[in-house]
Asks: 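Have a look at this one before I ask anything.
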Amino acid sequence: QQQVKQSPQSLIVQKGGIPIINCAYENTAFDYFPWYQQFPGKGPALLIAIRPDVSEKKEGRFTISFNKSAKQFSLHIMDSQPGDSATYFCAAQLRDTGFQKLVFGTGTRLLVSP
Amino acid sequence: NAGVMQNPRHLVRRRGQEARLRCSPMKGHSHVYWYRQLPEEGLKFMVYLQKENIIDESGMPKERFSAEFPKEGPSILRIQQVVRGDSAAYFCASSPSGTGFMGRGAFFGQGTRLTVV
């Protein structure tokens with residue numbers, strides 16, 4: 001099953017809060033999991049990514065937690081700021097595809113209020 | 001250092017017309033990917049091309065859609081006889097190589113928003 005299920009669809013937090021966005025997958029052949037940030041009218045930009053042999057990865061205020069046995073991964077944004085308001089997509093890439101083909105989640109629209 | 005350039009940014013077509021979407025990859029990138037984003041949905045892979053070759057078109061609708069990446073010039077996504085359901089944002093990404101992970105190696109353009117009226 002080549003799907004990535006993402007939740008919630010939308011999220012509102014106050015400045016300084018920690019929004020958490022969750023994704024789940026079925027296909028164990030996925031072996032690379034990036035998160036993308038998209039502002040209105042713009043293309044997606046890679047935010048952070050993780051391999052399944054790592055349980056957590058942190059880059060600045062962004063952290064990915066990965067649970068291989070549950071086939072779930074999540075994005076945490078620490079000390080969120082109004083400038084983080086955007087749509088966030090999780091994605092997954094199949095092992096050995098030989099090229100960069102991604103399966104995207106349906107996106108989470110995040111609003112960080114001042 | 002220009003990024004991935006897509007044009008036009010917005011395109012309006014009447015049903016039955018043809019839509020041509022252009023993508024100029026980043027300098028030095030020879031691999032291009034097209035994705036489609038329907039309203040309120042994630043991006044869906046359409047096609048992967050290298051110069052003069054279609055490597056994978058498994059995400060392309062079988063009819064009316066075609067893509068090319070000639071030796072010279074931009075990659076073109078062509079939609080013939082457009083229908084309302086083709087209305088979407090079409091994104092192009094490019095990378096210096098096709099192997100490995102999408103990590104830092106691929107960059108998305110700003111997209112072309114196609115509206116079929």
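In this text the structure is predicted, and so the values were computed from the model without any measurement. Letters go in sequence order (proteins before strands), and every chain restarts at 1.
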Asks: Nearest 0.5 Å please: distance from the CZ atom of B:R22 over to the CE atom of B:M5.
Replies: 13.5 Å
Asks: Using the rule given for salt bridge (Lys or Arg N to Asp or Glu O under 4.0 Å), can you reason through B:R64 versus B:D86, listing the C-alpha separation, both sets of side-chain angles and the distance that settles it, and then say yes or no?
Replies: CA-CA 10 Å; B:R64 302 188 298 107; B:D86 297 332; 2.7 Å; yes
Asks: Which region of B:Q6, side chain (C-beta onward) or backbone (N, CA, C, O), has a non-hydrogen atom less than 4.5 Å from a non-hydrogen atom of chain A, or is it both or neither?
Replies: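 Answer is neither: B:Q6 stays 4.5 Å or more from chain A.
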Asks: A quick test of your reading: do over 12 heavy atoms of other residues, nucleotides or ligands sit less than 6.0 Å from NZ of A:K5?
Replies: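 No, NZ of A:K5 has 12 or fewer neighbouring heavy atoms, counting only those of other groups under 6.0 Å.
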Asks: So which residues of residues 73-81 of chain A are in contact with chain B at a heavy-atom cut-off of under 4.5 Å?
Replies: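 From residues 73-81 of chain A, none sit under 4.5 Å of chain B.
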Asks: Are the aromatic rings of A:F104 and B:F45 close, with centres under 6.0 Å apart?
Replies: no
Asks: If you measure from CG on A:L47 to CZ on A:R61, what distance do you get to the nearest 0.5 Å?
Replies: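 Between A:L47 CG and A:R61 CZ, I get 9.5 Å after rounding to 0.5 Å.
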Asks: Are B:F91 and B:Y35, when compared by the centres of their aromatic rings, separated by less than 6.0 Å?
Replies: no
Asks: Rounded at 0.5 Å granularity, tell me how far CG in B:L77 sits from CE in B:M46.
Replies: 5.0 Å
Asks: Using a heavy-atom distance cut-off of less than 4.5 Å, which residues of residues 110-117 of chain B contact chain A?
Replies: B:Q110, B:R113
Asks: Strictly less than 4.5 Å between heavy atoms, which residues of residues 9-17 of chain A line up against chain B? Please order them by number.
Replies: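 None at all.
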Asks: With only heavy atoms counted, which part of A:Q6 is less than 4.5 Å from chain B, the side chain, the backbone, both or neither?
Replies: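 Interface part for A:Q6: neither.
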Asks: Measuring from atom CD1 of A:I18 to atom OG1 of A:T63, what distance do you get when rounded to the nearest 0.5 angstrom?
Replies: 9.0 Å
Asks: Which pairs, with at least one residue in residues 104-114 of chain A and sequence neighbours excluded, count as a salt bridge (Lys or Arg N to Asp or Glu O under 4.0 Å)?
Replies: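 Passing the test, one end in residues 104-114 of chain A: A:R109-B:E40.
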Asks: Near B:E18 CD, under 6.0 Å, is it more than 12 heavy atoms from other residues, nucleotides or ligands?
Replies: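 For B:E18, atom CD is crowded (more than 12 foreign heavy atoms under 6.0 Å).
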Asks: Within a 6.0 Å radius of atom CZ on B:R9, are there more than 12 heavy atoms belonging to other residues, nucleotides or ligands?
Replies: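 Atom CZ in B:R9 is packed in, count exceeds 12.
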Asks: From A:K68 NZ over to A:F33 CZ, what is the distance, rounded to the nearest 0.5 angstrom?
Replies: 9.0 Å
Asks: Which residue in the set B:F107, B:F108, B:Y48 passes ring pair (Phe, Tyr, Trp, His ring centres under 6.0 Å) when paired with B:Y33?
Replies: B:Y48
Asks: If I take atom OG from residue B:S30 and atom CD from residue B:Q50, how far apart are they, to the nearest 0.5 angstrom?
Replies: 6.0 Å
